[in-house]
Amino acid sequence: MFDIKWIRNNEEAFDAALARRGLAPQAAQLLALDDERRKTVLGLNEAQEKRNATSKQIGQAKAQGDEEKASALMAQVSELKAQVQQGEEKEREQTATLNEILSTLPNILAFDVPDGADEDDNEEISRWGELKQYDFKPKEHYQLGEDLGEMDFEAAAKIAGSRFVVLKGQLARLERALGQYMLDFQTQENGFVEVMPPLLLRSEALFGTGQLPKFAEDAFETTDGRWLLPTSEVPLTNLVRESMLNENQLPLRFSALTPCFRSEAGSAGRDTRGIIRQHQFNKVEMVAITDSKSSQAEHERMLNCAEKVMKNLDLPYRVVKLCSGDVGFSMQKTYDIEVWLPGQNTYREISSVSLAGDWQARRMNARYRNENGKPQFVHTLNGSGVAVGRALVAIMENYQQKDGSIAVPKVLQAYMGGLKSISKIS
RNA sequence: GGGUGGGUGGCAGAGUGGUUGAAUGCUCUGGUCUUGAAAACCAGCGAGCGCGCAAGCGUUCCGGGGGUUCGAAUCCCUCCCCACCCGCCA
């Protein structure tokens with residue numbers, strides 16, 4: 001959400017920012033609406049001032065017992081009444097119209113976000129890890145999983161439909177181990193506070209982080225008007241909504257392991273095989289709330305927190321900085337971590353680490369007092385640390401053996417009761 | 001599902017129609033005192049919007065919206081939310 005005052009003072013920069021998002025200029029239209037609104041406010045304020053002053057005199061006249069003067073003044077004020085009412089109504093309408101438009105505009109991109117149309121134009125920042133050489137043709141995860149008899153898409157289809165999976169046996173346990181390990185890592189090593197949030201959320205929360213109003217069709221709405229969380233970014237970030245924090249409380253760092261639910265509307269035909277794109281998946285999320293000066297550094301830190309997970313799991317990956325055409329609606333800047341999948345012979349997104357600046361904070365009305373004691377919007381960041389389902393895919397494909405078994409990464413063995421390898425139980 | 005009580009500043013909590021943006025306490029800021037700190041004492045401290053170079057002025061805001069009134073935190077209607085009790089239940 002934008003501050004109209006900022007647009008007023010940065011008209012060209014605002015339109016330029018929209019242009020980077022592929023949107024037509026809107027500053028002129030918005031400022032015209034804003035001008036109208038301010039005219040209304042000005043007239044309204046004047047009318048209110050007159051009304052208030054006169055009403056006060058009425059009170060005084062009555063106190064002095066001068067009924068004649070009082071009733072004369074009352075006649076005066078009643079004329080102002082209609083004027084005030086009209087002005088109030090008009091102001092409300094104009095403000096609502098303005099806010100409706102503002103709430104559908106994407107965040108401004110950071111200056112160092114590269115221009116580009118889509119993910120093909122993302123900028124590779126770094127690579128880590130050796131790509132393993134296999135003396136056989138590496139399989140894709142779903143093939144491995146089905147061969148093990150522990151990944152059941154047919155059963156899932158019967159129970160829930162497409163884009164769901166049933167994991168069984170050691171593979172189910174591996175999924176659980178991954179989630180536990182990552183959450184433990186983020187909370188114990190990286191200073192995030194563990195959170196177990198509600199999975200059903202109010203509209204206001206989704207508005208706060210930017211999923212609503214524009215992307216309602218991407219999430220599941222319940223019959224009582226709540227929403228299944230599409231990511232725990234939503235509850236974790238909204239933890240500070242409508243609050244006034246002290247600067248010395250910042251940064252706040254939260255992490256959670258939750259299922260995420262997405263309708264995947266519009267992605268028909270994409271990633272239909274396997275568990276890369278599901279209606280339900282587990283994710284360890286990191287959220288940070290910072291002051292306005294620390295958010296850039298926090299972004300780098302958070303990326304590092306996600307990268308360490310990859311390193312500890314010994315999964316080869318690369319980091320890309322998303323280009324202008326690929327950065328999400330609510331974000332100023334995003335790094336993706338893409339893991340190497342030998343079965344697919346490509347890198348696939350496994351984590352996304354983003355900086356929202358004060359864009360979400362405005363929507364949530366989340367503020368802190370800066371060193372001058374003045375209220376200021378916090379900055380918010382979020383990142384996956386990392387996506388559990390996709391990590392499962394990555395481990396299966398990277399740790400697969402010629403006989404179809406899956407080696408268990410060292411750091412996970414303790415979470416698997418010491419198990420070193422997952423193989424078919426015959 | 002049935003019933004009751006509530007939503008006031010950063011927090012707690014008074015306030016039922018007329019200088020109330022709102023007592024009081026806490027927090028916070030500055031000062032006095034102290035070697036320093038604490039305590040004590042003194043002083044200051046809401047947010048948004050508009051106008052203005054600024055100082056400042058005006059206005060709005062006591063959950064949201066509407067209404068009554070010359071005037072609403074205070075009265076009425078409506079919606080939302082919260083708490084508690086009963087019932088049901090993992």
Side-chain angles (χ1 to χ4, degrees), chain A residues 1-9 30-100 102-103 196 198-208 212-213 221-227 235 238-250 252 259 289 291 358 361-378:
Chain A
M1 191 93 154
F2 287 100
D3 179 4
I4 189 68
K5 279 188 289 187
W6 185 86
I7 298 175
R8 211 182 291 153
N9 297 327
L30 287 166
L31 291 181
L33 283 170
D34 183 47
D35 275 345
E36 287 303 308
R37 194 192 109 254
R38 283 150 76 199
K39 269 180 208 155
T40 306
V41 168
L42 205 58
L44 174 62
N45 283 3
E46 277 170 18
Q48 286 167 328
E49 184 179 355
K50 260 187 234 168
R51 182 201 61 190
N52 291 346
T54 316
S55 290
K56 235 168 228 179
Q57 287 175 29
I58 293 172
Q60 286 163 359
K62 287 209 163 186
Q64 290 163 8
D66 191 345
E67 288 298 327
E68 202 175 315
K69 188 180 174 191
S71 49
L73 289 166
M74 278 155 86
Q76 276 182 39
V77 177
S78 60
E79 284 173 31
L80 285 169
K81 198 182 160 185
Q83 206 182 325
V84 169
Q85 241 166 10
Q86 268 179 13
E88 284 176 343
E89 196 175 325
K90 202 167 168 189
E91 199 238 306
R92 241 192 323 272
E93 279 171 20
Q94 290 172 328
T95 303
T97 305
L98 195 59
N99 283 341
E100 255 170 56
L102 289 175
S103 68
M196 181 78 78
L199 308 182
L200 292 179
L201 305 168
R202 308 197 127 121
S203 302
E204 288 86 340
L206 280 88
F207 179 88
L212 291 180
E221 188 174 9
T222 63
T223 52
D224 69 350
R226 283 178 239 263
W227 301 80
N238 276 280
L239 244 28
V240 296
R241 68 176 290 114
E242 292 161 57
S243 60
M244 181 74 77
L245 303 162
N246 287 321
E247 195 173 28
N248 60 18
Q249 293 176 265
L250 303 175
L252 292 169
I289 313 293
D291 62 49
D358 65 2
R362 284 179 194 285
R363 296 177 154 243
M364 298 189 299
N365 194 25
R367 297 172 296 172
Y368 71 100
R369 288 197 189 278
N370 63 21
E371 68 269 32
N372 301 318
K374 283 283 145 204
Q376 197 174 339
F377 290 108
V378 298

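These figures come from a predicted structure and were not determined experimentally. Residue numbers start from 1 in every chain, and the chains themselves are labelled A, B, ... in the order their sequence lines are given, proteins ahead of strands.
Figure legend: A:Arg363 and A:Phe207 shown as a cation-pi pair, the cationic atom lying under 6.0 angstrom from the six-membered ring centre and within 45 degrees of its axis.
Distance check on atom C1': B:U69 versus B:C79 gives 23 Å, rounded to whole Å. Only the C1' atoms considered, B:A22 is 15 Å distant from B:G17, to the nearest whole Å.
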Inset, instruction - Take nucleotides 71-83 of chain B nucleotide by nucleotide from the 5' end and write B, S or -, depending on whether a protein heavy atom sits under 4.0 Å from the base, only from the sugar-phosphate, or from neither. - result: S---------SS-

Inset, instruction - For each nucleotide in nucleotides 47-52 of chain B, reading 5' to 3', give B when a protein heavy atom comes within less than 4.0 Å of its base, S when such contact involves only the sugar-phosphate, and - otherwise. - result: S-SSS-

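Side-chain atoms of A:Arg37 never come within 3.5 Å of backbone atoms of A:Thr95 as a donor-acceptor pair (strictly under, hydrogens ignored).
Applying the side chain to side chain donor-acceptor pair (under 3.5 Å) rule to A:Arg369 yields no partners; only residues at least two apart in sequence or on another chain are considered. Remark: A:Asp224 engages A:Thr222, A:Arg226 in a side chain to side chain donor-acceptor pair (under 3.5 Å) (not counting sequence neighbours).
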Inset, instruction - Would you check, one step at a time, whether the test side chain to side chain contact (heavy atoms under 4.5 Å, CB included) holds for A:Leu239 with A:Leu252? - result: CA-CA 10 Å; A:Leu239 244 28; A:Leu252 292 169; over 6 Å; no

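In this structure, A:Gln83 places its CD atom 15 Å from P of B:U59, rounding to the nearest Å.
Remark: RNA chain B forms stems of 3 or more consecutive Watson-Crick or G-U wobble pairs, all pair distances under 3.5 Å, at B:1-7 with B:80-86, B:10-12 with B:24-26, B:28-32 with B:40-44, B:46-51 with B:56-61, B:63-67 with B:75-79.
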Could you list all N or O pairs between the protein and nucleotides 25-28 of chain B that sit under 3.5 Å apart?
none

